[in-house]
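To keep things clear, I will list the structure first and then write my remarks on it.
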Amino acid sequence: MDNILKTEKLINGLRGEITIPPDKSISHRALIFGALTNSKIKIKNLSKGEDCVSTLKILETLGVKYEFISEHDLILDSSKGLSAEKKVTLNCNNSGTSARLLSGLFSGCDFSCVLVGDDSLQKRPMKRIIAPLELMGAKIKSNDNKLPLEITGTKLKSITYHSPIASAQVKSALILAGLGIDEPTRIYEKTLSRNHSEVMLSYLGASIKIGQDKDGCFVEVKKSKLMPKDIEIVGDISSAAFFMVAAAIVPNSEIIIKNVGINPTRTGILDVFKQAEIDFSILNERKVSAELAADIKVKYTKNIKPFEIKGDLIPRLIDEIPILAVLATQAQGKSVVSDAQDLRNKESDRIKTIVDSFLNLGIGISEKPDGFIINGSSQINKMVSLETHLDHRLAMSYYVLSLINNQSMEISGFNCVNTSFPEFLKLMNKLKK
Ligand code: S3P
C-alpha cells in the first residue's frame with residue numbers, strides 16, 4: 001500500500017456526528033489488569049490500534065486466551081495465569097506503554113523475558129522505569145537504559161518513590177510491580193498524571209489508597225486479588241482532539257463526537273479550548289466502568305484567541321500538544337508551550353519535528369528547549385512533503401493542517417496512524433462535506 005498520503009484543502013467544512021474509537025491508555029490497562037484477574041472477563045470497546053494489539057499478543061504468548069465476539073468486544077481468559085517455560089522474546093513494536101507497564105509487571109513474575117521494539121521505541125528512554133524498579137530489587141539488563149530489556153523475574157520489595165517526572169507510564173509500572181508485594185508501595189508525583197490505572201484498580205476492588213500530603217499526590221498499592229468484572233472502555237479524547245481542532249479551524253464546521261472519555265487528568269485540551277474561546281459544549285455526561293464520558297460538540301470559531309500551555313496543564317494534554325500547535329497557527333497572536341521537555345522523548349522528538357515541519361510550511365514558529373512559540377494568524381500556502389518519523393500523532397496533526405493549506409501537500413509514512421487510530425481517515429471522510 002502507498003505510504004504517502006496526498007491531501008487537499010477542505011472547502012465546505014466538517015459536519016455531522018461520529019463515535020470516536022476506544023481509549024488507548026485505558027485499553028492497555030483493561031488487558032493488563034484483566035489478565036491479572038485469573039478469570040474470564042468481557043472487555044467491551046477495546047482499541048484495535050497496533051499498540052494495544054502488541055499488549056494483547058504479549059499476554060497471549062504468556063498463556064492468556066482471547067476471543068473477539070464482535071469488532072471491538074472480546075472475552076479475555078486468564079484462568080491459567082501468566083507463565084513462560086524458558087526466556088521469551090516479547091515484541092512491544094511502537095508501544096512505549098506496553099514496554100514500560102509490562103516491565104513493572106514482569107519484574108515481579110516468576111519467568112524471564114526480553115522486551116524488544118521497533119526503531120522508534122528502541123530510541124526511547126527506559127531509565128525512568130529501570131531505576132525505580134531496581135530499587136524494588138528488579139533484575140533488568142538493558143542496552144544503555146534503552147530496549148531491548150532483559151528481565152529476570154524475581155521477588156520484589158516495596159518502596160516509597162518520589163517520581164521526578166509526572167508520567168503515568170512510570171507510575172503504572174510501579175503500581176503493577178507493587179500489586180504483587182505484601183507490604184504497601186507508595187508512588188508520589190508532583191503533578192498528577194493520568195490516573196486510569198488507579199480508577200480501574202479501584203473498580204476491580206484492589207487494595208489501593210489515593211491521597212495528597214506535603215510531598216505531593218500519591219497512590220499506594222499492595223498485594224491484591226482483582227475481581228473478575230467486565231470492563232467497558234470509553235472513547236479516546238486524544239483521538240477526538242484531531243477532530244475537535246479540525247472543526248474549530250475549518251470554516252463551516254459543526255460536529256458532535258460521541259462517547260469521549262473526559263477523565264479530568266486527560267482534559268487539558270478543554271482548558272485550552274476555553275482559553276482560545278473555541279465554541280464547544282459538553283453533552284450527556286455519564287460514567288462508564290468508573291470513567292467519566294460525554295459527547296463533545298465543536299463549531300468553527302472565527303476569532304481564536306492565543307493561549308499558553310505550561311506547568312500542571314502539561315501532563316493533562318501531553319499527547320495533544322502536536323494538534324494544539326496546529327490550533328495555535330490560527331490564533332490571533334502568539335501562543336506559547338513551555339515545561340514540555342518530555343515531548344522530546346515521545347515517538348519522535350516532537351518539539352524538533354513540529355518546528356521543522358511548520359518552518360517548512362512557512363508558519364512562524366521558534367523552538368525553545370522545553371517547547372515552542374507559534375506566531376498565529378498563519379495563511380498556509382505551500383506545496384510540501386512532510387515526514388511523520390513513525391509518529392502517529394504527527395501524521396494526524398499534519399493531516400488537519402492540510403485541511404487549511406491552500407495548496408495540496410504530501411505526508412510520507414502516513415500508515416503509522418494505525419498505531420493508535422486505524423479508523424482516522426474513514427471518520428474524516430464521513431464528516432467531509
Ligand atoms: C500514557 C502516558 C503518557 C502518554 C502516552 C500514554 C499511558 O506517557 O504520553 O501516550 O498510557 O500511561 P508518559 O507517562 O510517559 O507521560
Side-chain angles (χ1 to χ4, degrees), residues 21-33 46-47 49-52 54-55 92-105 117 120-121 123-132 145-146 161 163-176 187 189-201 217 219 233-234 236-242 261 263 265-269 291 309 312-324 337 339-351 370 390-397 416-417 419-421:
D23 189 274
K24 181 161 86 72
S25 285
I26 304 177
S27 293
H28 281 293
R29 285 153 176 86
L31 290 169
I32 298 171
F33 294 130
L46 181 83
S47 164
E50 286 167 356
D51 274 11
C52 296
S54 298
T55 290
C92 302
N93 296 299
N94 193 251
S95 175
T97 309
S98 311
R100 295 196 177 119
L101 267 59
L102 292 173
S103 294
L105 174 61
S120 153
L121 188 58
K123 293 191 194 119
R124 296 182 65 186
M126 293 295 151
K127 188 166 180 191
R128 56 185 63 197
I129 50 136
I130 296 175
N145 285 309
K146 305 234 163 71
Y161 187 66
S163 182
I165 43 171
S167 160
Q169 293 179 349
V170 172
K171 174 173 60 178
S172 302
L174 302 185
I175 287 176
L176 278 157
I187 306 122
E189 295 182 290
K190 287 199 193 89
T191 307
L192 182 66
S193 63
R194 63 187 68 189
N195 65 358
H196 303 302
S197 297
E198 296 93 306
V199 171
M200 194 172 292
L201 281 173
C217 29
V219 48
I233 297 159
V234 296
D236 198 329
I237 193 164
S238 299
S239 300
F242 301 103
N263 175 321
T265 61
R266 293 285 297 281
T267 50
I269 185 172
E291 288 280 358
I309 302 180
D312 290 0
L313 195 50
I314 297 293
R316 297 180 50 236
L317 47 61
I318 186 73
D319 292 338
E320 284 66 81
I321 292 177
I323 190 62
L324 288 171
V337 175
D339 303 324
Q341 49 278 17
D342 209 30
L343 281 184
R344 297 197 183 274
N345 299 315
K346 295 293 176 188
E347 285 82 334
S348 68
D349 172 346
R350 285 186 179 154
I351 295 178
D370 63 344
L390 286 179
D391 187 336
H392 54 130
R393 299 205 197 278
L394 286 186
M396 293 183 276
S397 301
C416 67
V417 299
T419 298
S420 64
F421 199 172

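Both ligands and their constituent atoms are indexed starting at 1 by order of listing.
In terms of protein heavy-atom proximity, atom 15 (O) of ligand 1 is nearest to Ser167 OG, 3.3 Å.
Here's the thing with Ala166: none of its N/O atoms is less than 3.5 angstrom from an N/O atom of ligand 1. Considering backbone and side-chain N/O atoms, Gln169 comes within less than 3.5 Å of an N/O atom of ligand 1. Checking only distances, Asp319 does come within under 3.5 Å of ligand 1, N or O to N or O.
Between Arg393 and Asp319, at least one side-chain nitrogen of the basic residue sits less than 4.0 Å from a carboxylate oxygen of the acidic one, meeting the salt-bridge criterion. Ionic pairing of Arg128 and Asp342 is present here: one or more N-O contacts between side-chain nitrogen and carboxylate oxygen are shorter than 4.0 angstrom.
For ligand 1, the atoms closer than 4.0 angstrom to any heavy atom of Ser25 are 1 (C), 6 (C), 7 (C), 11 (O). Atoms of ligand 1 lying under 4.0 Å from any heavy atom of Ile318, numbered from 1 in the order shown and given with element: 9 (O).
Rounding to the nearest 0.5 angstrom, the gap separating the CD atom in Glu320 from the OG1 atom in Thr267 is 10.0 Å. Lys24 NZ to His392 NE2: the interatomic distance, rounded to the nearest 0.5 Å, is 5.0 Å.
The closest donor-acceptor contact from the side chain of Asp370 to the backbone of Asp339 lies under 3.5 Å.
In this structure, Asn93 and Glu50 have side chains that are not in contact, with every pair of non-hydrogen atoms separated by 4.5 Å or more.
Distances from atom 16 (O) of ligand 1 to the heavy atoms of Arg29, Lys346, Arg194 put Lys346 nearest.
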